[in-house]
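Have a look at the structure below, then the notes.
Owing to the predicted nature of the structure, the values given are computational and were not obtained by experimental measurement. Reminder, nothing fancy here: chain letters follow the sequence lines and each chain counts from 1.
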2 protein chains.
Amino acid sequence: MHAFQFSSRLVPELTEKLCSRYRVLQRIFLHQPIGRRSLALLLGISERILRADVELLKEQGLIDVGPVGMHVTDSGATLIKELDDVIRYLDGRHELEAKLRDVLGIARVVVVPGDSHKDDSVTRDIGYAAGRVLLEYLHEHCTIAVTGGSSLAMLADVIPRPVQPQSVVVVPARGGLGERVELLANTIASRLAERLGGTYRMFHVPESLSKSTAETLAMEPLIQEVVEHIRAADIVVHGIGEALTMARRRKLDAMTISELQAKGAVAEAFGYYFDADGHIIHVMGTVGLRLEDIAHIPVVIGVAGGAGKAQAIRAAAQAYRIDALVTDEGAGNSILQAYESSKFHTEG
Amino acid sequence: MHAFQFSSRLVPELTEKLCSRYRVLQRIFLHQPIGRRSLALLLGISERILRADVELLKEQGLIDVGPVGMHVTDSGATLIKELDDVIRYLDGRHELEAKLRDVLGIARVVVVPGDSHKDDSVTRDIGYAAGRVLLEYLHEHCTIAVTGGSSLAMLADVIPRPVQPQSVVVVPARGGLGERVELLANTIASRLAERLGGTYRMFHVPESLSKSTAETLAMEPLIQEVVEHIRAADIVVHGIGEALTMARRRKLDAMTISELQAKGAVAEAFGYYFDADGHIIHVMGTVGLRLEDIAHIPVVIGVAGGAGKAQAIRAAAQAYRIDALVTDEGAGNSILQAYESSKFHTEG
DNA sequence: TTCCGCCGGGACATTTATAGTCCCAATGGC
DNA sequence: GCCATTGGGACTATAAATGTCCCGGCGGAA
């Protein structure tokens, strides 16, 4: 790997060009089939400059171009996989990941390039990367619990289809949390199960429940059976959200929102709201996975990107155990920045 | 390493630049201190284009430029070593080496870029590479036998000086063989010993001897002692020459030369002349290392470059065991070409 | 000491590569 | 059958790379 360090002293522009071409290829892969102009827009580069790259990629047999757009060839896909680690080193993401592991106390951190806060198409990369991470942890007859949210929805859309169907069960981690249908845990569970070739369990529970109703419901045998299945999940994949954004999206009443604000809520995950130190501020009233169940689930994967989610990710990392975090440069850099300045204030 | 294979598909033009810049740095290293214009002439590229490279190398702190010329810095030397293998892959020499190992039945083949037949300065690279190979096999109190010839002379001139003197003994493999003094085995042995910080034994024997005189001489205790030392050498480094060129250079009489021609002599090594199949055609009448001694010497290193020596190298490889061969692309490609066409004729 | 050759570096015209901007025929989804 | 989007071609403006000189200086040989 460090041979690249030396090479880039002889050809300094190598690193840049290699990374940018890789990025082009990677984006084609994630959005195929896609046209030249749309892609240029996506990458934020001029059409002409992209064209030069595209012509080269075509020449090298890494992509095919047709009337419907471009798509990567098998050898292109191989190249993407093989160079993944190299690019990670070259653009400094490897270093960023190491620092994040340290700061957040998360054993595994995967950072994808870009900032989904500024560039929507980055969420696709996050979803794909998270999908690959999930696939690594998969095993026979395992249960995967998923939450809702746009990150998880994207994951279910773009996760690479395994060569042969997996004997997995996908369950929603909690009941419906008042979002758009395509972002609901139930929807995502079914889509993910379809992509993996496994089965899924639905979990139809009304959104906002009073405490007593929730308890009554939880006693129902059918519900109870699913809930127990959920709590015994082998892997849980969840999104991490900004507290207030999520509160508004779920149309919480004004009083609750102002209470959250007052108590300094910054993060949301599994329907729990946390302050900056990871303390629970509020819990949504729906049944399913509880925070204390996390401790017994072998693999907890968190997915969240965008500079705006930096604080939320830090809070979540303090609130409960996360085994693997998939995020983007925007969030990663922002987290480190916040950490550095907080360290400065603490020390000073 | 194979990550470079993939990278070079994404940035082919930079791979080329990497190789050419490496070559520039390498040549500065081998000829330092050297000026811009001389170097351009040496590399066969225009002065201006070299200048761009030189400016970059200077910027990167890989070379220093002074009024006497350019020389590589320590970090430049490190880079040369670290990237040696990478460049070997990228410019296809690694593949060439593998094929040559196969075709010649030589366990280790080192190929340097260029063709010393067309470009004299390549002999310097060969010498340096051979020097590095020799250094690898060196051990305490070992005896190195060397032959004469321009390749060996260059080796003795440019072999990297070990950080601390080596307790080696350098001996000439055979007596004087009628060449210019700087190409004589004796001269080379002393120079090599000086570079390595070891000692050397001289071997003063007249050039052309009748059989009886040689036998008488061989009985002399002083001579005999050196000869035994030679025959017990741990490493022998030798040049391989074209038969007729060597014969003429040594001013053999016309009759012998035409006899060599008639019998199809193509190669010369250790004073032996071989035909294309490796059969001995003629032996120079001087004492020292005999071909049958080779079998008992642990390490036999052959050095020869230039397309013109292809046939000679093939013949030598068949005639006796060679453990390591140091050559250049010119010879290497030429050998493979000849092999392919001979295979074609045999099969067809 | 003097002279000659090679040294690096500056300057500038020319060529070549690169990037921006349109346009067009063709194809596929609706 | 229409419309949007596709890839590819063409042309120009601009930037970069390159060829070709020149100059003052330092070092080694005479």
Q: With rounding to the nearest 0.5 Å, note down the distance linking CG in B:L57 to CD1 in B:I63.
A: 5.0 Å
Q | Between C:dG8 (P) and B:Q32 (CD): distance, integer Å | A | 13 Å
**Q.** N or O in side chain of B:S38 less than 4.0 angstrom from C:dC6 OP1/OP2
**A.** no
Q: Summarise how protein sits on nucleotides 17-30 of chain C as a single string, 5' to 3': B when a protein heavy atom is under 4.0 Å from the base, S for sugar-phosphate-only contact, - for no contact.
A: --BBB-B---SS--
Q. Could you give the distance from CG (B:L62) to OG1 (B:T73), rounded to the nearest 0.5 Å?
A. 5.5 Å
(Q) Does the plane of the ring in B:Y128 sit parallel, tilted or perpendicular to the ring in B:F29? Use 30° and 60° as the thresholds. (A) perpendicular
Q) Is A:E59 salt-bridged to B:R9, going by a charged N under 4.0 Å from an acidic O? A) no
(Q) Heavy atoms within less than 4.0 Å of DNA chain C: which residues of residues 53-66 of chain A have one? Give them sorted by number. (A) none
(Q) Test of understanding: with salt bridge (Lys or Arg N to Asp or Glu O under 4.0 Å), list the residues that count as partners of A:E329, not counting sequence neighbours. (A) none
Q. Which part of the nucleic acid, if any, lies within reach of B:I34 when heavy atoms closer than 4.0 Å are counted: base, sugar-phosphate only, or nothing?
A. sugar-phosphate
Q.
Please report the distance, rounded to the nearest Å, between NE2 in A:H71 and C1' in D:dG7.
A. 14 Å
Q.
Base, sugar-phosphate or nothing for A:L50? Non-hydrogen atoms, less than 4.0 Å.
A. nothing
Q: Decide, yes or no, whether a salt bridge links B:E97 with B:R93 under the criterion of side-chain N to carboxylate O below 4.0 Å.
A: no
(Q) For a salt bridge (charged side-chain N to carboxylate O under 4.0 Å, His left out) check, start with the C-alpha distance between A:D125 and A:R27, then their side-chain angles and the critical distance, and finish with the verdict. (A) CA-CA 8 Å; A:D125 293 56; A:R27 285 298 174 91; 3.4 Å; yes
(Q) For A:K81, is there an ion pair with A:D84 - N to carboxylate O distance below 4.0 angstrom? (A) no
